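To start, the structure under review is shown below, and the notes come after it.
Sequence positions, counted from 1, serve as the residue numbers for this chain. Each ligand, and each atom within it, is numbered from 1 in the order the structure gives. These figures come from a predicted structure and were not determined experimentally.
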Amino acid sequence: MQQSQKMLEKIIAELQQQGWSVQKNFIPADLVKQLNETLQSLRQQGKLQQAGIGRRADYHIEQSIRSDQISWFEDELNPAQRQYMEQMEQLKQAVNQHFFLGLFELEVHFALYAPSAYYKRHLDQHRDQDTRQLTIITYLNENWLAEDGGALQLYLPGEQTIKVLPEAGTFVCFFSAEYEHEVLPAKRERASLTGWFRKRPELPL
Ligand code: OGA
Ligand code: MN
């Protein structure tokens, strides 16, 4: 069996048992490299924007809560972005087969955290909208050391926490409604790809 297929099965099993999963080297090194290059080119083109919080009328920039810069995957994806979306499509199919969540759409953005930037403890599901079901995060940072900081801290039941270092190729996913999490400040720049699998909004009765 292919290595990536094995990892997919491990992710599904962990989502089933504990609601979250962390896989090192899920994203191949050459793809990580190309995604990093894409991010650098977006930066040079001035396509990174200050991230906000909330949605629609509620949307606003709140630097006391998050201070990263983002760039959404939009219509014209380059080959690296398409390859990433294809790998995530396989994950989506596996998740749909096992959990019947009816995931159908993936929204993804690059996120760049300058040194000492952060994203305070939060939940990814918006208050008035439960379409975000599964959060997926891929890290793009080569040679990350524990002393660089910048861990993703996940809050588990009973205020237990785990910390995930944002090392290149590491992939994290968790059910968006269940796990609060936080990005701790880092000593160096920190790049990630964050996304959400969404289900269709319920039709009003
Ligand atoms: C987010 C988020 C975590 C990370 O963008 O909602 O929590 O580690 N990102 O980049
Ligand atoms: Mn989040």
(request) Could you go through the salt bridge (Lys or Arg N to Asp or Glu O under 4.0 Å) check for K187 and D148 one step at a time? (result) CA-CA 5 Å; K187 290 188 190 150; D148 292 328; over 6 Å; no
(request) Scan side-chain atoms only and decide if T38 and Q34 contain a donor-acceptor pair under the 3.5 Å cut-off. (result)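 Their side chains do not contain a donor-acceptor pair, so the 3.5 Å distance test is not met.
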(message) With no hydrogens and no angle check, just 3.5 Å: does a side-chain donor-acceptor pair link T138 and Y84?
(response)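 Checked: T138/Y84 side chains pair up, N/O donor to acceptor below 3.5 Å.
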Check: every ligand 1 N/O to protein N/O pair under 3.5 Å:
from     : atom 1 : to   : atom 2 : distance (Å)
ligand 1 : 6 (O)  : H122 : NE2    : 3.2
ligand 1 : 6 (O)  : D124 : OD1    : 3.2
ligand 1 : 7 (O)  : H122 : NE2    : 3.2
ligand 1 : 7 (O)  : H181 : NE2    : 2.9
ligand 1 : 8 (O)  : Y139 : OH     : 2.6
ligand 1 : 8 (O)  : R190 : NH1    : 3.4
ligand 1 : 8 (O)  : R190 : NH2    : 2.8
ligand 1 : 10 (O) : R190 : NH1    : 3.1
ligand 1 : 10 (O) : S192 : OG     : 3.2

Less than 3.5 Å apart, which donor and acceptor atoms pair up between the side chains of residues 170-179 and the rest of the protein, not counting sequence neighbours?
from : atom 1 : to   : atom 2 : distance (Å)
T170 : OG1    : E167 : O      : 3.2
S176 : OG     : Q133 : O      : 3.3
S176 : OG     : L134 : N      : 3.2
S176 : OG     : T135 : N      : 3.1
S176 : OG     : T135 : OG1    : 2.9
Y179 : OH     : Q18  : O      : 2.6

(request) Measure from NZ or CZ of R132 to the centre of the six-membered ring of F197 and say whether it is under 6.0 Å with the direction within 45° of the ring axis. (result)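 Pair R132/F197 does not count as cation-pi.
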(request) Establish, yes or no, whether the cationic atom of K120 lies under 6.0 Å from the six-membered ring centre of Y118 and within 45° of the ring axis. (result)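 Yes - K120 lies over the ring of Y118, closer than 6.0 Å to its centre and within 45° of its axis.
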(request) Check for a donor-acceptor pair, side chain of E182 on one end and backbone N or O of L152 on the other, with a separation under 3.5 Å. (result)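 Pair absent, no side-chain N/O of E182 close to backbone of L152.
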(message) With a 6.0 Å cut-off on the ring centroids, do W20 and H181 count as close?
(response)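 Here the rings of H181 and W20 have centres that are no less than 6.0 Å from each other.
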(request) Taking 2.8 Å as the upper limit, name the protein N, O or S atoms near the Mn ion (ligand 2). (result)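 Only H122 NE2, D124 OD1, H181 NE2 fall inside 2.8 Å of the Mn ion (ligand 2).
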(message) Going by side-chain hydrogen bond (donor to acceptor under 3.5 Å, both in side chains), name the residues that satisfy it together with Q23, two or more places apart in sequence or in a different chain.
(response)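 E14, S21.
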